[in-house]
Amino acid sequence: MVMEHVVQELLFVVDTTAYAGNFERELTAFMTGVLDEYGRGKLEAEQFREFLEDEYGETENIFDGLVVLRPHEEYGDRPCILYPTPGRLNDGRGNHYDAKEGEKGWPAYESVAIHVSRRPDSRELQILKDRAEEFAVTPRKRGEPFGIRGYRIVTKTVTVTTEEEGV
(Lines give C-alpha, C1' and ligand atoms only; values in the text may rest on other atoms or scores of the structure.)
Protein backbone atom coordinates (compact mmCIF):
# COMPACT_ATOMS: atom_id res chain seq x y z
CA MET A 1 0.00 0.00 0.00
CA VAL A 2 1.30 3.46 -0.93
CA MET A 3 0.16 6.54 0.98
CA GLU A 4 0.99 10.17 0.37
CA HIS A 5 0.48 13.13 2.65
CA VAL A 6 1.61 16.74 2.61
CA VAL A 7 3.63 18.20 5.47
CA GLN A 8 3.76 21.96 5.79
CA GLU A 9 6.18 23.89 7.98
CA LEU A 10 5.99 27.62 8.68
CA LEU A 11 8.95 29.79 9.62
CA PHE A 12 9.12 33.40 10.79
CA VAL A 13 12.49 34.59 9.48
CA VAL A 14 14.57 37.51 10.71
CA ASP A 15 17.20 38.58 8.17
CA THR A 16 20.15 40.33 9.82
CA THR A 17 23.50 41.87 8.86
CA ALA A 18 25.62 39.43 10.91
CA TYR A 19 26.37 35.70 11.04
CA ALA A 20 23.34 34.41 12.98
CA GLY A 21 25.13 31.36 14.44
CA ASN A 22 26.49 33.65 17.16
CA PHE A 23 23.07 34.55 18.54
CA GLU A 24 20.15 32.61 16.99
CA ARG A 25 18.92 30.93 20.18
CA GLU A 26 19.41 34.03 22.33
CA LEU A 27 17.55 36.17 19.77
CA THR A 28 14.69 33.67 19.67
CA ALA A 29 14.47 33.58 23.48
CA PHE A 30 14.52 37.40 23.64
CA MET A 31 11.77 37.62 21.00
CA THR A 32 9.55 34.75 22.20
CA GLY A 33 10.61 33.51 25.63
CA VAL A 34 10.99 30.00 24.19
CA LEU A 35 14.16 27.98 24.89
CA ASP A 36 15.72 24.97 23.22
CA GLU A 37 15.86 21.68 25.11
CA TYR A 38 19.23 22.68 26.62
CA GLY A 39 17.91 25.97 28.00
CA ARG A 40 20.11 28.24 25.86
CA GLY A 41 18.99 31.87 26.25
CA LYS A 42 17.65 31.74 29.83
CA LEU A 43 18.53 35.37 30.55
CA GLU A 44 16.87 36.53 27.33
CA ALA A 45 13.74 34.45 28.05
CA GLU A 46 13.50 36.06 31.49
CA GLN A 47 13.83 39.50 29.89
CA PHE A 48 10.98 38.55 27.56
CA ARG A 49 8.76 37.49 30.48
CA GLU A 50 9.47 40.82 32.23
CA PHE A 51 8.67 42.70 29.01
CA LEU A 52 5.34 40.87 28.59
CA GLU A 53 4.28 41.64 32.13
CA ASP A 54 5.45 45.28 32.07
CA GLU A 55 4.11 46.17 28.61
CA TYR A 56 1.02 43.98 28.31
CA GLY A 57 0.21 42.77 31.83
CA GLU A 58 0.62 39.20 30.57
CA THR A 59 1.83 36.59 33.05
CA GLU A 60 1.66 33.68 30.60
CA ASN A 61 3.81 33.48 27.47
CA ILE A 62 1.63 34.56 24.54
CA PHE A 63 3.88 32.61 22.17
CA ASP A 64 3.33 29.21 23.81
CA GLY A 65 1.69 27.14 21.10
CA LEU A 66 2.79 29.52 18.35
CA VAL A 67 6.53 28.88 18.60
CA VAL A 68 7.26 25.16 18.41
CA LEU A 69 10.33 22.99 18.94
CA ARG A 70 11.58 20.93 16.02
CA PRO A 71 14.27 18.24 16.10
CA HIS A 72 17.73 19.36 15.03
CA GLU A 73 20.17 16.70 13.81
CA GLU A 74 23.02 17.94 16.02
CA TYR A 75 21.57 20.06 18.81
CA GLY A 76 18.33 18.48 20.01
CA ASP A 77 14.91 20.11 19.87
CA ARG A 78 15.07 23.80 19.01
CA PRO A 79 12.63 26.65 18.34
CA CYS A 80 14.87 28.06 15.60
CA ILE A 81 17.48 27.32 12.97
CA LEU A 82 20.06 29.24 10.99
CA TYR A 83 18.63 30.12 7.61
CA PRO A 84 20.18 31.32 4.33
CA THR A 85 19.87 35.03 3.67
CA PRO A 86 18.60 35.95 0.18
CA GLY A 87 21.11 37.80 -1.98
CA ARG A 88 24.03 37.12 0.37
CA LEU A 89 26.93 34.68 0.03
CA ASN A 90 30.01 33.75 2.07
CA ASP A 91 33.51 32.98 0.88
CA GLY A 92 34.01 29.91 3.08
CA ARG A 93 36.24 31.86 5.48
CA GLY A 94 33.55 33.73 7.39
CA ASN A 95 33.31 36.76 5.13
CA HIS A 96 29.83 37.63 3.86
CA TYR A 97 29.01 39.76 0.84
CA ASP A 98 26.23 40.76 -1.55
CA ALA A 99 25.89 38.30 -4.42
CA LYS A 100 26.15 39.61 -7.94
CA GLU A 101 23.32 38.66 -10.28
CA GLY A 102 23.63 34.97 -11.20
CA GLU A 103 26.60 34.43 -8.89
CA LYS A 104 26.78 31.03 -7.21
CA GLY A 105 28.50 30.25 -3.93
CA TRP A 106 28.01 29.25 -0.33
CA PRO A 107 24.94 30.76 1.30
CA ALA A 108 25.40 33.34 4.03
CA TYR A 109 23.57 32.31 7.19
CA GLU A 110 22.70 35.75 8.48
CA SER A 111 19.08 34.84 9.17
CA VAL A 112 17.24 33.18 12.05
CA ALA A 113 14.15 31.10 11.23
CA ILE A 114 11.73 30.56 14.13
CA HIS A 115 9.46 27.52 13.86
CA VAL A 116 5.80 28.57 14.14
CA SER A 117 2.61 26.51 14.14
CA ARG A 118 0.61 29.14 12.25
CA ARG A 119 1.01 32.58 10.74
CA PRO A 120 1.44 35.11 13.59
CA ASP A 121 -1.37 37.66 13.88
CA SER A 122 -0.68 41.39 13.54
CA ARG A 123 -0.07 41.93 17.27
CA GLU A 124 2.30 38.96 17.45
CA LEU A 125 4.16 40.11 14.33
CA GLN A 126 4.64 43.57 15.80
CA ILE A 127 5.98 42.16 19.08
CA LEU A 128 8.35 39.83 17.21
CA LYS A 129 9.68 42.68 15.07
CA ASP A 130 10.01 45.13 17.98
CA ARG A 131 11.86 42.56 20.09
CA ALA A 132 14.23 41.68 17.22
CA GLU A 133 15.01 45.37 16.68
CA GLU A 134 15.73 45.83 20.39
CA PHE A 135 17.96 42.75 20.58
CA ALA A 136 19.95 43.88 17.53
CA VAL A 137 21.10 47.09 19.23
CA THR A 138 21.53 45.69 22.75
CA PRO A 139 25.14 44.99 23.79
CA ARG A 140 25.72 41.28 24.42
CA LYS A 141 28.49 39.02 25.70
CA ARG A 142 29.10 37.63 22.21
CA GLY A 143 29.12 39.90 19.21
CA GLU A 144 28.55 43.46 18.27
CA PRO A 145 25.19 45.09 17.58
CA PHE A 146 23.88 44.31 14.10
CA GLY A 147 21.18 45.49 11.73
CA ILE A 148 17.89 43.96 10.69
CA ARG A 149 17.48 43.58 6.92
CA GLY A 150 13.84 42.48 7.10
CA TYR A 151 11.35 39.80 8.01
CA ARG A 152 9.55 37.10 6.07
CA ILE A 153 7.22 34.14 6.48
CA VAL A 154 8.48 30.99 4.75
CA THR A 155 6.18 28.06 4.05
CA LYS A 156 7.94 24.78 3.31
CA THR A 157 5.75 22.09 1.78
CA VAL A 158 6.89 18.49 1.45
CA THR A 159 4.95 15.56 0.03
CA VAL A 160 5.77 12.39 1.94
CA THR A 161 5.22 9.05 0.24
CA THR A 162 5.02 6.00 2.48
CA GLU A 163 5.03 2.52 1.05
CA GLU A 164 4.12 -0.49 3.17
CA GLU A 165 4.10 -4.14 2.31
CA GLY A 166 3.24 -7.16 4.35
CA VAL A 167 5.96 -9.69 5.04
Side-chain angles (χ1 to χ4, degrees), residues 1-42 44-45 47-49 51-52 56 58 60-90 92 96 98-99 103-136 143 146-164:
M1 173 193 319
V2 176
M3 297 183 296
E4 283 191 356
H5 65 280
V6 175
V7 177
Q8 217 172 42
E9 182 180 357
L10 284 175
L11 302 166
F12 175 77
V13 181
V14 181
D15 297 317
T16 78
T17 61
Y19 172 66
N22 292 332
F23 55 78
E24 81 275 16
R25 288 173 285 176
E26 292 85 353
L27 172 63
T28 300
F30 190 82
M31 290 171 61
T32 69
V34 179
L35 302 173
D36 66 10
E37 74 174 283
Y38 299 114
R40 186 75 177 265
K42 285 181 185 172
E44 292 82 3
Q47 291 169 332
F48 178 77
R49 284 189 286 281
F51 158 80
L52 271 186
Y56 295 93
E58 299 276 357
E60 299 294 321
N61 188 339
I62 63 170
F63 292 123
D64 283 349
L66 172 65
V67 177
V68 294
L69 299 180
R70 296 266 190 255
H72 186 278
E73 59 197 32
E74 295 178 40
Y75 303 113
D77 294 347
R78 300 178 68 177
C80 63
I81 55 172
L82 296 178
Y83 208 72
T85 307
R88 299 281 292 162
L89 296 174
N90 86 71
H96 300 92
D98 291 330
E103 183 179 7
K104 302 286 186 215
W106 290 294
Y109 287 90
E110 297 175 319
S111 301
V112 176
I114 300 172
H115 302 288
V116 292
S117 60
R118 59 174 170 74
R119 184 182 181 88
D121 65 32
S122 60
R123 175 183 178 222
E124 292 163 339
L125 282 171
Q126 194 58 57
I127 291 170
L128 289 168
K129 291 176 181 182
D130 290 347
R131 296 295 290 171
E133 298 283 344
E134 184 176 340
F135 184 87
F146 56 87
I148 301 291
R149 293 181 189 277
Y151 307 93
R152 50 198 167 109
I153 300 284
V154 174
T155 303
K156 295 168 81 175
T157 304
V158 177
T159 301
V160 178
T161 303
T162 306
E163 186 172 338
E164 296 181 15

Check: Does atom CE of Met3 have more than 12 heavy-atom neighbours from other groups under 6.0 Å away?
Finding: yes
Notebook entry, point to check: Should the pair Phe135 and Phe30 be assigned to parallel (<30°), tilted (30 to 60°) or perpendicular (>60°) ring geometry?
Noted result: tilted
Next item on the list: Assess Arg25 against Tyr38: is NZ or CZ under 6.0 Å from the centre of the six-membered ring, and within 45 degrees of the ring's axis?
Entry: no
Next item on the list: Hey, could you give me the CD/CD distance between Glu26 and Gln47, rounded to the nearest 0.5 Å?
Entry: 11.0 Å
Notebook entry, point to check: Got a donor-acceptor contact below 3.5 angstrom from the Thr157 side chain to the Gln8 backbone?
Noted result: no
Notebook entry, point to check: Taking the side chain as C-beta and beyond, is there a heavy-atom pair between Asp36 and Pro79 under 4.5 Å?
Noted result: yes
Item checked: Heavy-atom check, side chain of Val67 versus side chain of Phe12, under 4.5 Å -> no
Checklist line | Closest non-hydrogen atom pair, Ala45 against Gly33 | finding: CB-O, 3.8 Å
Margin query: I need the minimum non-hydrogen distance between Ser111 and Pro84, along with the two atoms involved.
Written below: OG-O, 4.0 Å
Item checked: OG1 on Thr155 to CZ on Arg119, rounded to 0.5 Å -> 8.0 Å
Margin query: Using modelled atom types and a 3.5 Å cut-off, is there a donor and acceptor pairing between side-chain atoms of Thr17 and backbone atoms of Phe146?
Written below: no
Notebook entry, point to check: Considering only heavy atoms from C-beta outward, does the side chain of Asn90 approach that of Tyr19 to under 4.5 Å?
Noted result: no
Item checked: Note: Arg70-Asp77 ion pair, threshold 4.0 Å (strictly below) -> no
Checklist line | Atom pair OG1/CG of Thr32 and Asp64 - distance to nearest 0.5 Å | finding: 9.0 Å
Next item on the list: Would you mind reporting whether Val14 and Met31 have side-chain heavy atoms less than 4.5 Å apart?
Entry: yes
Check: Any side-chain heavy-atom pair from Glu44 and Phe23 closer than 4.5 angstrom?
Finding: no
Item checked: Minimum side-chain heavy-atom gap Ile153-Pro120 below 4.5 Å -> yes
Checklist line | Within-4.5 Å side-chain heavy-atom neighbours: His96 and Leu89 | finding: no
Margin query: With a 3.5 Å distance limit and no angle check, can you tell me whether Asp15 reaches the backbone of Tyr151 through a side-chain donor-acceptor pair?
Written below: no
Item checked: Main-chain N/O of Cys80 paired to Thr28 side chain as donor or acceptor, under 3.5 Å -> no
Notebook entry, point to check: Does the ring of Phe51 carry Arg131 above it, NZ/CZ under 6.0 angstrom from centre and within 45° of its axis?
Noted result: yes
Notebook entry, point to check: Closest heavy-atom contact between Ser117 and Val68?
Noted result: CB-CG1, 4.0 Å
Notebook entry, point to check: Which heavy-atom pair separates Leu35 from Ala29 by the least distance, and what is that distance?
Noted result: CD2-CB, 3.9 Å
Notebook entry, point to check: Per the salt bridge (Lys or Arg N to Asp or Glu O under 4.0 Å) rule, which among Glu37, Glu24, Glu73 passes with Arg78?
Noted result: Glu24
Note to self: Tell me whether the count of non-hydrogen atoms from other residues, nucleotides or ligands lying under 6.0 Å of CZ in Arg49 goes above 12.
What the structure shows: yes
Margin query: So, taking the atom named CG in Leu27 and the one named OG1 in Thr16, what distance separates them when rounded to the nearest 0.5 Å?
Written below: 8.0 Å
Item checked: Donor-acceptor pair between Glu4 and Thr161 side chains, under 3.5 angstrom -> yes
Next item on the list: Apply side-chain contact (heavy atoms from CB on, under 4.5 Å) to the pair Leu69 and Val34, showing each step before the final yes or no.
Entry: CA-CA 9 Å; Leu69 299 180; Val34 179; 4.3 Å; yes
Note to self: Please give me the minimum heavy-atom distance between Val160 and Val7, naming the atom from each residue.
What the structure shows: CG2-CG2, 3.8 Å
Checklist line | Verdict with supporting geometry, Asp121 and Glu124, side-chain contact (heavy atoms from CB on, under 4.5 Å) | finding: CA-CA 5 Å; Asp121 65 32; Glu124 292 163 339; 3.2 Å; yes
